[in-house]
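To keep things clear, I will list the structure first and then write my remarks on it.
Numbered from 1 within each chain, the chains take letters A, B, ... in sequence-line order. Fair warning: this is a prediction, and the values are worked out from it, not measured in the lab.
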Number of protein chains: 2
Amino acid sequence: MPLELNHGDAGFEAAFTGLLAAKRETQEDVQNAVAAILADVRARGDAALLDYTARFDRVTLTVETMRVTADEIDRALASIEPGLLDALKLAAERIEDFHRRQTPDALSYTDAAGVRLGARWTAVNSVGLYVPGGTAAYPSSVLMNALPAKVAGVERVTMVVPTPDGKLNPLVLAAARIAGVHEIYRIGGAQAVGALAYGTETIRPVDKIVGPGNAYVAAAKRHVFGTVGIDMIAGPSEILVVADGANDPAWIAADLLSQAEHDTSAQSILITDDAAFAEAVKTAVDGHLKTLPRAEIAGASWRDHGAVIVVSDLDEAVPLVDRLAPEHLELAVADPDALAARIRNAGAIFLGRHTPEAIGDYIAGPNHVLPTARSARFSSGLNLLDFMKRTTLVGCDPGSLAAIGPAAVALAEAEGLGAHALSVSIRLNGAPR
Amino acid sequence: MPLELNHGDAGFEAAFTGLLAAKRETQEDVQNAVAAILADVRARGDAALLDYTARFDRVTLTVETMRVTADEIDRALASIEPGLLDALKLAAERIEDFHRRQTPDALSYTDAAGVRLGARWTAVNSVGLYVPGGTAAYPSSVLMNALPAKVAGVERVTMVVPTPDGKLNPLVLAAARIAGVHEIYRIGGAQAVGALAYGTETIRPVDKIVGPGNAYVAAAKRHVFGTVGIDMIAGPSEILVVADGANDPAWIAADLLSQAEHDTSAQSILITDDAAFAEAVKTAVDGHLKTLPRAEIAGASWRDHGAVIVVSDLDEAVPLVDRLAPEHLELAVADPDALAARIRNAGAIFLGRHTPEAIGDYIAGPNHVLPTARSARFSSGLNLLDFMKRTTLVGCDPGSLAAIGPAAVALAEAEGLGAHALSVSIRLNGAPR
């Protein structure tokens, strides 16, 4: 049974605080194993990569067969049912369009003192995209990670995907082709992260690594951070649905289960102002669980981490939402825009009764890589800016340096930094050339 | 003597690669000590904080005296020489103005399918600002870290600054007042980071922690990352100056030393197309070192990590700059804008002969917290967006869900995620209410 809380109860605050603090991730201690693999890939390059792939993925590759060929990708594309390929292309178009609208403006102006000031954005030069193999090989994830890089103008997107026992999902290759990935290697695990970070004889190093992975991949990304950039380390998925009693309980139950089915550590929470509706949703959840293919996973998540919170008024939901800072927030209420405007912390908001969260996982356009574990308090979903960086620009001439330089000299001297002061004062006092 | 490289020499590539790979930071292993302090602060709150402060800073505080009072800040402000206070205020105005111009636009539109799409930015609710104590207590650093938070609209900025032996720099308090800091506590080290991340009876927890610190502070920030957001972990400072022979060697020598004086691990590099000018700069460095107050530090940095690279043409500098991806890049050439336009990787660029890097440390307006250790390949300097986060918005009605929903169902089914598919199809097929 999911946790049941009533906002009016005396024990509510303690129970809610407990819900916020509950750890859902099992921490596997893979640090040492990962450090050894990374060091070995750094030292031995391709040879280490092929050894680990043989050992962990049970696939014997060579330097020649490590890379997926254009022919293989062509064949994968040809094997896909046309309706599904169209769906993938529609998703790609919509994701690309949404991310293109995020293109940041450059800044350039001359201020009253005559100082030229500015900032410009440039694409990261090269990006590595990790794609999990086996059952977790999701083409939607390829689109969501690769398309923002494409829109940003990243010159080289290198994808790695393990092929345990030689299996490779053709949809993943199709998504990579559609999303403009430049190179694909059939490697995975910490060894693939090492190859992307340090480079091997065959694989050129990248500047930034993105994409989801298991505990080994996450630990490897943490380890190489600094040598390369990384995206966030994502935790188990979450959904928070705020719903009034006018919804169809079966719809809301399906939404809660759509995140629960990801992982037994996923979390689905319902906040409603209607206790009878809450009961109806729980009944509907049990009903859906009788037929869903991933009922075992979804049921365990709902039982162990699910929660139903009854409030007397939806106004009471606002501070609870901000404290939960959910990855996904559905507002299945009469006026979702008014409620959304009052909420600060959420990765993505789904407005109204006809916007199930799953529409955002695949097709809406915004990224589905979103901050988990309450990190929407301080971070954002994956977006175009994650594939760009910003350089600021300052230009003085003798006049503008004379206007603002003395203040810099005063501050540098107050901080005891004599060379800082000298580098300004020598230009103010010395004969310009 | 600094490293000397000539781009035309046979051994150049190997030597330059060695320069890129050279580690300048001494890694102190403080992980275990830091983990113990953090756990203790989490468990014992204020009591632990006061104990560690007594032990490490040799200051006996109480819950009452831990916080710096408004009276103390008033007195600090009054004690500062008016010219210096004016310099601080001018810096604050200029920094605030530059950061305000970075304010991101919200996105909101309805696409051809009738789907409402958008993204909005909101301020992080609360931020903790770490300020080092003792000699490294720089008021400019307070301004650079606190003002973007103020401009973003952060509701609560909590500053911590250790006061070893009771010493507190009045300029730091003045800068905090000017920058709109809300609370100041005289604590530091890993214990202060723990207090900001977990909260104590007296100090409320924050959502994100920014600001520089020693190895303990850096390790503590890494440790609490996830519980709260953190800014980058900055390495030793760097400057790369690209200069032709028409510069005054004494000016360029001062610029190189302005970063070298920060730290013996700092790095200053000159690239020039004029070998005689390179020699003149080296001579001028030696001249300045005879009089500068921090000559010992600056001299050690220049000797151990400095480099002079002679190219036959400044065009050859472009790929070298991008590979070095410097924190600070000065372009002391005739047409700095043309050269800047060709460079991709740099934290901040200083244009022309009259723009010493130090002007950007204090007064120009852009942030002086910039990516070090080649991380300008994939990251940006501190900016307004570091104190904000982005929420995406999607809204469908029955018509737009009917338009894009079937593709989502097809993709969800292809990924084997039945509840995802159900949450869409139930709305397409079921009777809407």
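In this structure, the portion of A:A376 lying under 4.5 Å from any heavy atom of chain B is its backbone and not its side chain. Using a 4.5 Å cut-off between heavy atoms, A:L107 touches chain B through its side chain atoms alone. Heavy atoms of B:D255 lying under 4.5 Å from chain A belong to its backbone as well as its side chain. Contact of A:Y109 with chain B is made through the side chain alone, with heavy-atom distances under 4.5 Å. Of the two parts of B:L292, only the side chain, counted from C-beta on, holds a non-hydrogen atom closer than 4.5 Å to a non-hydrogen atom of chain A. Neither the backbone nor the side chain of B:A260 has a heavy atom closer than 4.5 Å to any heavy atom of chain A. Only the side chain of B:L171 comes within contact range of chain A, judged by heavy atoms closer than 4.5 Å. Interface remark: B:P406 contributes no atoms to any contact with chain A (heavy atom separation under 4.5 Å). Of the two parts of B:T227, only the backbone, made up of N, CA, C and O, holds a non-hydrogen atom closer than 4.5 Å to a non-hydrogen atom of chain A. Both the backbone and the side chain of A:T391 come within less than 4.5 Å of a heavy atom of chain B. Contact of A:D111 with chain B is made through the side chain alone, with heavy-atom distances under 4.5 Å. Both the backbone and the side chain of B:L417 come within contact range of chain A, each with at least one heavy atom under 4.5 Å from a heavy atom of that chain. With a 4.5 Å cut-off on non-hydrogen atoms, B:D337 touches chain A through its side chain but not through its backbone. Interface remark: B:A91 contributes side-chain atoms only to the contact with chain A (heavy atom separation under 4.5 Å). Only the side chain of B:T122 comes within contact range of chain A, with at least one heavy atom under 4.5 Å from a heavy atom of that chain. At a 4.5 Å heavy-atom cutoff, the contact between A:L411 and chain B is made by backbone and side-chain atoms alike. Within the 4.5 angstrom heavy-atom criterion, no atom of A:P104 approaches chain B. With a threshold of 4.5 angstrom between heavy atoms, A:V206 approaches chain B through N, CA, C or O but not through any side-chain atom.
Between B:N125 and A:R344, the closest side-chain pair of non-hydrogen atoms falls below 4.5 Å. With contacts defined as side-chain heavy-atom distances shorter than 4.5 Å, the pair B:K389/A:S380 qualifies. When side chains are defined from C-beta on, A:R120 counts as touching B:I349, because their heavy atoms get closer than 4.5 Å.
Here the rule is ring pair (Phe, Tyr, Trp, His ring centres under 6.0 Å) with B:H420, and of A:H262, A:H368, A:H328 only A:H262 fits it.
For A:D248 and B:R427, the salt-bridge test fails: no basic side-chain N is under 4.0 Å from an acidic carboxylate O.
Considering only heavy-atom pairs separated by less than 4.5 Å from chain B, the leading option among A:G352, A:A119, A:G381, A:A340 is A:A340. Interface summary for chain B: among A:V228, A:V424, A:L385, the most heavy-atom pairs under 4.5 angstrom belong to A:V228. Of all the listed residues (A:A298, A:P356, A:A358, A:G395), the one sharing the greatest number of non-hydrogen pairs under 4.5 Å with chain B is A:P356. The choice from A:E357, A:R116, A:K208, A:R374 that makes the most heavy-atom pairs within less than 4.5 Å of chain B is A:R116.
Side chains of A:E415 and B:S140: a donor on one and an acceptor on the other come within 3.5 Å.
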